[in-house]
Amino acid sequence: MRIATWNVNSLRVRLPHVLDWLASEQPDVLALQETKLTDEDFPRAEIEAAGYHAVFVGQKTYNGVATLSRVAGSDATPGIAGFDDPQKRVLAATYDGVRVVNVYVPNGESVGSDKFAYKLDWLERLRAHLRDELRRHPRLVLLGDFNIAPEERDVHDPAAWDGKVLFSGPERQALRHLMDIGLHDTFRLFEQAERQYTWWDYRMNAFRRKLGLRIDHILASDEMRSACRSCRIDLEPRRRERPSDHAPVLAEFAL
DNA sequence: ATGGTCGGTAACCGA
């Protein structure tokens with residue numbers, strides 16, 4: 001079972017890239033973030049023509065998540081239980097007994113801002129929610145744009161990013177705290193080359209200069225960790241014309 | 001040198 005995540009930064013603009021990537025990589029599940037469109041504008045027909053089912057929860061202009069899949073998902077559940085958040089950032093569904101939780105974690109704007117406080121609060125609510133989900137679903141994958149680089153090796157210049165949003169102490173601690181419930185970074189289960197990132201600022205030729213951060217993750221429960229066989233970042237879509245600022249991440253599970 | 005580039009939407013906000 002191949003499970004992937006990709007922040008597309010507007011599904012309307014990136015649909016050709018997504019359709020090409022589905023054809024070339026043929027993931028069983030692809031979690032998309034920042035679709036930036038309402039449910040009525042979701043390109044369902046184009047996705048289905050490519051042989052994929054879709055569940056989605058979106059809004060105008062901002063946020064929005066969608067999960068595409070070869071087989072239809074069941075028990076699709078938007079949001080975090082008990083948290084009436086108008087921002088559409090979470091969508092869970094079950095595929096062949098695997099609970100897949102697709103998240104677009106708040107960006108946080110800058111350390112100390114209101115949006116930063118929202119990000120930390122949001123992560124704590126997600127943690128409580130996932131603890132319950134894990135009890136019900138031992139086979140669980142939590143994936144998406146976390147807007148947090150876990151370690152120094154996930155940042156092109158850790159000294160410059162020290163204390164900055166996406167790499168600040170409170171954010172990294174919140175991510176560790178979330179992973180403490182029993183979630184494992186599939187990327188780090190395997191030997192990886194150095195300086196591998198999933199996001200590069202559009203400005204200053206950051207991608208060409210390899211100035212990135214690894215902020216998109218595929219986390220696996222204990223049972224799914226045991227089944228995980230690989231995890232890699234695909235840079236090919238980021239090299240194309242008019243790319244998303246994020247690259248897709250793909251993990252393979254022996255299921 | 002505190003900028004820079006995108007996307008969405010219609011003067012800027014969010015990332």
Side-chain angles (χ1 to χ4, degrees), chain A residues 5-21 30-43 46-47 56-66 85-91 102-123 126 143-150 154-168 170-172 174-175 197-217 233-249:
Chain A
T5 181
W6 193 4
N7 180 323
V8 290
N9 186 17
S10 169
L11 182 55
R12 219 189 298 270
V13 172
R14 233 62 68 189
L15 184 60
H17 291 200
V18 170
L19 294 176
D20 288 349
W21 201 76
L30 173 58
L32 304 175
Q33 301 86 35
E34 281 203 272
T35 55
K36 294 187 175 179
L37 32 80
T38 60
D39 291 348
E40 55 193 31
D41 284 340
F42 191 87
E46 291 89 335
I47 300 287
F56 42 86
V57 54
Q59 65 188 92
K60 193 176 162 169
T61 311
Y62 304 117
N63 308 314
V65 287
D85 188 354
Q87 301 188 27
K88 307 303 185 189
R89 297 180 173 279
V90 180
L91 179 58
N102 176 5
V103 295
Y104 175 47
V105 175
N107 170 279
E109 190 188 35
S110 59
V111 173
S113 67
D114 289 349
K115 291 193 180 81
F116 188 78
Y118 167 71
K119 180 179 193 174
L120 295 182
D121 176 64
W122 192 96
L123 285 164
L126 180 70
L143 79 175
D145 177 2
F146 286 73
N147 271 314
I148 301 172
D154 299 313
V155 179
H156 68 89
D157 186 347
W161 280 86
D162 182 42
K164 300 283 200 306
V165 74
L166 310 184
F167 190 56
S168 74
E171 291 163 89
R172 293 165 65 195
L175 178 57
Y197 311 118
T198 65
W199 170 82
W200 304 259
D201 199 300
Y202 281 125
R203 294 166 285 193
M204 302 295 288
N205 284 313
F207 180 68
R208 189 180 52 75
R209 298 161 64 201
K210 303 185 192 301
L211 307 182
L213 271 62
R214 193 175 70 89
I215 59 175
D216 301 84
H217 308 297
I233 300 161
D234 186 1
L235 297 182
E236 189 274 330
R238 189 64 176 80
R239 295 191 184 106
R240 293 182 60 167
E241 287 291 316
R242 226 180 163 194
S244 167
D245 44 353
H246 295 251
V249 186

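Below, each value reflects all heavy atoms present in this structure, side chains not excepted, and no hydrogens, waters or symmetry copies. The chains referred to below are lettered A, B, ... by the order of the sequence lines, with proteins before strands, and numbering in each begins at 1. Owing to the predicted nature of the structure, the values given are computational and were not obtained by experimental measurement.
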(request) For the residue pair A:F42 and A:F56, categorise the inter-ring angle as parallel (less than 30°), tilted (30 to 60°) or perpendicular (more than 60°). (result)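 Because their plane-to-plane angle is under 30°, the rings of A:F42 and A:F56 count as parallel.
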
(request) Report the relative orientation of the aromatic rings in A:H217 and A:F146; use parallel for angles under 30°, tilted for 30 to 60°, perpendicular for over 60°. (result)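 Rings of A:H217 and A:F146: tilted, as their planes differ by 30° to 60°.
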
(request) Using the C1' atom on both, measure B:dA1 against B:dA10 and round to a whole Å. (result)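 About 31 Å, rounded to a whole number of Å.
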
(request) Assign A:F207 to base, sugar-phosphate, or nothing according to its heavy-atom contacts below 4.0 angstrom with the strands shown. (result)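 No contact.
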
Per [X] side chain, nearest of listed nucleotides [options]:
X      : options               : result
A:N107 : B:dG14, B:dA15, B:dT5 : B:dA15
A:T61  : B:dG8, B:dG14, B:dG7  : B:dG8
A:K36  : B:dG4, B:dG8, B:dT5   : B:dG8

(request) Say whether A:D234 and A:W21, considering side chains only, have a donor N or O and an acceptor N or O under 3.5 Å apart. (result)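 Yes - a donor-acceptor pair under 3.5 Å links their side chains.
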
(request) State whether A:K60 places a side-chain N or O below 4.0 Å from either non-bridging phosphate oxygen (OP1 or OP2) of B:dG8. (result)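 Checking A:K60 against B:dG8: no side-chain N or O falls below 4.0 Å of OP1 or OP2.
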
(request) Between A:V13 and A:N63, just flag the one whose closest nucleotide in DNA chain B comes earlier from the 5' side. (result)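 Counting from the 5' end, the first nearest nucleotide belongs to A:V13.
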
(message) On DNA chain B, compare the nucleotides closest to A:P243 and A:M204; which residue's is nearer the 5' end?
(response)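 Closer to the 5' end of DNA chain B: A:M204.
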
(request) Using atom CG of A:D245 as one end and atom C1' of B:dC6 as the other, report the distance to the nearest whole Å. (result)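 So the CG-C1' distance, A:D245 to B:dC6, works out to 7 Å.
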
(message) Just the rounded figure in Å: distance from P of B:dT5 to CZ of A:R203.
(response)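 Checked: the CZ to P distance equals 9 Å.
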
(request) Could you list the residues that satisfy side-chain hydrogen bond (donor to acceptor under 3.5 Å, both in side chains) with A:S168, not counting sequence neighbours? (result)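 Counting only residues at least two positions away or on another chain, A:S168 forms a side-chain hydrogen bond (donor to acceptor under 3.5 Å, both in side chains) with A:E171.
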
